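The structure appears below as structure tokens.
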2 protein chains.
Amino acid sequence: MRVIISLTEENYLKAIYTLSHLFEESEVSTNQISDHLNNKAATVTDMLKRLSEKKLIHYIPYQGVKLTEKGRQTAIKVVRKHRLWEVFLVDKLQFKWDEVHEIAEQLEHINSDELIQRLDKFLGKPKFDPHGDPIPDANGQLNIVKAIPLNQHKIKGLFTFVGVCEHSKTFLQHLTSIGLKIGDTLKVEEINEFDNSFKVKINKNNSQFFSNKVASNILVEIKK
Amino acid sequence: MRVIISLTEENYLKAIYTLSHLFEESEVSTNQISDHLNNKAATVTDMLKRLSEKKLIHYIPYQGVKLTEKGRQTAIKVVRKHRLWEVFLVDKLQFKWDEVHEIAEQLEHINSDELIQRLDKFLGKPKFDPHGDPIPDANGQLNIVKAIPLNQHKIKGLFTFVGVCEHSKTFLQHLTSIGLKIGDTLKVEEINEFDNSFKVKINKNNSQFFSNKVASNILVEIKK
DNA sequence: ACAAATTTTTAGACTGGTCTAAATTTGATC
DNA sequence: GATCAAATTTAGACCAGTCTAAAAATTTGT
């Protein structure tokens, strides 16, 4: 009685999963999905009907959708595979962190439980991907230590850079160009009221300014 | 002006490539392809028209097909990816040689030149896959040292086991169960006329009998 | 050389995934 | 609570890839 889930359906489930976690756990609208996947609302409606028939989502016309437990399991497995492959690409094949997304989008649909279990072991059962995003474990459990963007801490002091919100190539390349990597220590020396920019020292280097836009996309933890 | 080649089209090209090399380099028929891919002849005809329009094959109705240079390059790239991924699965993830085919069938369609170049380097630029099949290089060149099945050597003496003809799980598991691995030395001690079976010693172990069916699917080189 | 058997192609239909254009529902505003 | 704009769904179309059934071409056997 196993339902077959196509690559396209997997992508819809992943999109719904991602969108529902953007702010609070919540319902996702047809338009949000069509924006995210770059296709038309009518197309999304058709797919929602199919996913609903397969019991992968709860769908009430005009009301938005939520994943069922089965849908959530499927989505999180795709996320797990995506993030594990990103670790493989960076750690083993020496790709840069801004180069791996498109390839992982393909690899995440390879279907073999045995493969993913062995890959996980081969990589040393990593807990985070190269962008600091947590990797769900084999049971679909996720480390929920959600870090907070730098600009939301309104205090000076020491932080550890643990992840990014924005995953675009240009943003990641920008961070690389200013010399910032996951795990670095950030010392916030000044917070400018008028434009919400931050004067920050990376590790022991010279201080530089982070715009609010940069600071809002950098996830940090207070350094112990 | 780059033509997009779908996963399905890649599989047809690979099938044509494989079938055309089975005996001599030759034309491939519609029925051969439909048998190989387990679909109907009518389906194959449709696809042949499409591949022909894309200049990937030379197709004359009722006459069979041959790959164009572009088609051959595409097919051989898929073969290269398949075999490199098989090496990865066996060497890095410790899969057994009879477990990797289905997974590699999926991985062979991942589309990234950079990925395959880095994977090749990571694996140490292997020349052969776990079944002894040669891996085409990045330019589509293939080691053409075609080994010969054991049963075609009508002489006793020492051989090296370099590959298999048959790739089925059951055959590979059979070889494993009799303790035979790529690279092993085979000493042919007797050839029985009446059933064409072979009495063979693997490395320094006890002698055993190979049926003609086994001997015909084992590729060997005369040991220097 | 011609009829029979086989192979291949054509015709027409279906599914998944997409689209545009039109109709419907929701919900915000006055 | 009636109206209007935005969001969503329905209707109808298209393409890729598959099928079955029927027609056409090729090959084979006597």
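Just so it is clear, the model here is predicted, and its values are computed rather than measured. Throughout, a chain's letter reflects where its sequence line sits, starting with A, and its residues are numbered from 1.
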Next on the checklist: Evaluate B:Arg118 against B:Glu114 for salt bridge (charged side-chain N to carboxylate O under 4.0 Å, His left out), listing each step before the verdict.
Outcome noted: CA-CA 6 Å; B:Arg118 285 173 186 254; B:Glu114 182 74 13; 2.7 Å; yes
Checklist entry - Can you list the steps and then say if B:Lys54 with B:Glu9 is a salt bridge (charged side-chain N to carboxylate O under 4.0 Å, His left out)? => result CA-CA 10 Å; B:Lys54 291 190 178 183; B:Glu9 288 168 341; 2.9 Å; yes
Checklist entry - What do the steps show when you test A:Lys14 against A:Glu105 for salt bridge (charged side-chain N to carboxylate O under 4.0 Å, His left out), and what is the final call? => result CA-CA 11 Å; A:Lys14 194 175 79 153; A:Glu105 290 276 295; 2.8 Å; yes
Item to check | Check against salt bridge (charged side-chain N to carboxylate O under 4.0 Å, His left out), B:Asp137 and B:Lys125 | outcome: CA-CA 9 Å; B:Asp137 70 20; B:Lys125 300 197 178 281; over 6 Å; no
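Computed from coordinates, the B:Asn11 CG to D:dG17 C1' distance equals 13 Å when rounded to whole Å. Straight-line distance from the CG atom of B:Leu51 to the P atom of C:dT9: 13 Å, rounded to whole Å. Here the C1' atom of nucleotide D:dT26 and the CD atom of B:Glu27 are 15 Å apart, to the nearest Å. In this structure, NZ of A:Lys49 is placed 13 Å from P of C:dG16, rounded to the nearest angstrom. The CD-C1' distance, from A:Glu9 to C:dT15, rounds to 12 Å in whole Å. Atom CE of B:Met47 is separated from atom C1' of D:dT18 by 10 Å (rounded to the nearest Å). Separating the CG atom of A:Asp46 from the P atom of D:dC15 is a distance of 18 Å, rounded to the nearest angstrom.
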Within the sub-3.5 Å range, which N or O atoms of nucleotides 2-4 of chain D have a protein N or O partner, and how far apart are they?
none

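The phosphate of C:dT8 has neither OP1 nor OP2 within less than 4.0 Å of any side-chain N or O from B:Thr45. When the side-chain nitrogen and oxygen atoms of A:Ser6 are compared with OP1 and OP2 of C:dG16, none of them lie within a distance under 4.0 Å. Close to C:dG17, at under 4.0 Å from its OP1 or OP2, lies a side-chain N or O of A:Arg50. The side chain of B:Thr30 places an N or O atom within less than 4.0 Å of a non-bridging phosphate oxygen (OP1 or OP2) of C:dT9. Residue A:Tyr12 has no polar side-chain atom (N or O) positioned under 4.0 Å from OP1 or OP2 of C:dG16.
Considering CG of A:Leu89 and CD1 of A:Ile103, their distance stands at 5.5 Å, rounded to 0.5 Å. To the nearest 0.5 Å, atom CD of residue B:Gln173 and atom CD1 of residue B:Ile178 are 13.0 Å apart.
Looking at residues 53-63 of chain A, you'll see A:Tyr62 sit with a heavy atom under 4.0 Å from some atom of DNA chain C. Within residues 31-43 of chain A, the residues approached by DNA chain C to less than 4.0 Å at the level of any non-hydrogen atom are A:Asn39, A:Lys40, A:Ala42, A:Thr43, in residue-number order.
Aromatic pair B:Phe198/B:Phe159: ring centres not closer than 6.0 Å. In this structure, the ring of B:His101 has its center no less than 6.0 angstrom from the ring center of B:His131.
At least one test fails for A:Arg83 against the ring of A:Phe128: distance under 6.0 Å to the centre or angle within 45° of the axis. Taking the ring axis of A:Phe171 as reference, the NZ or CZ atom of A:Lys213 does not stay both within 45° of it and closer than 6.0 Å to the ring centre.
Residues A:Asp129 and A:His82 have side chains that never bring a donor and an acceptor to within less than 3.5 angstrom of each other. Side-chain contact of B:Asn192 with B:Ser197: a donor-acceptor pair under 3.5 Å is present, judged by distance alone.
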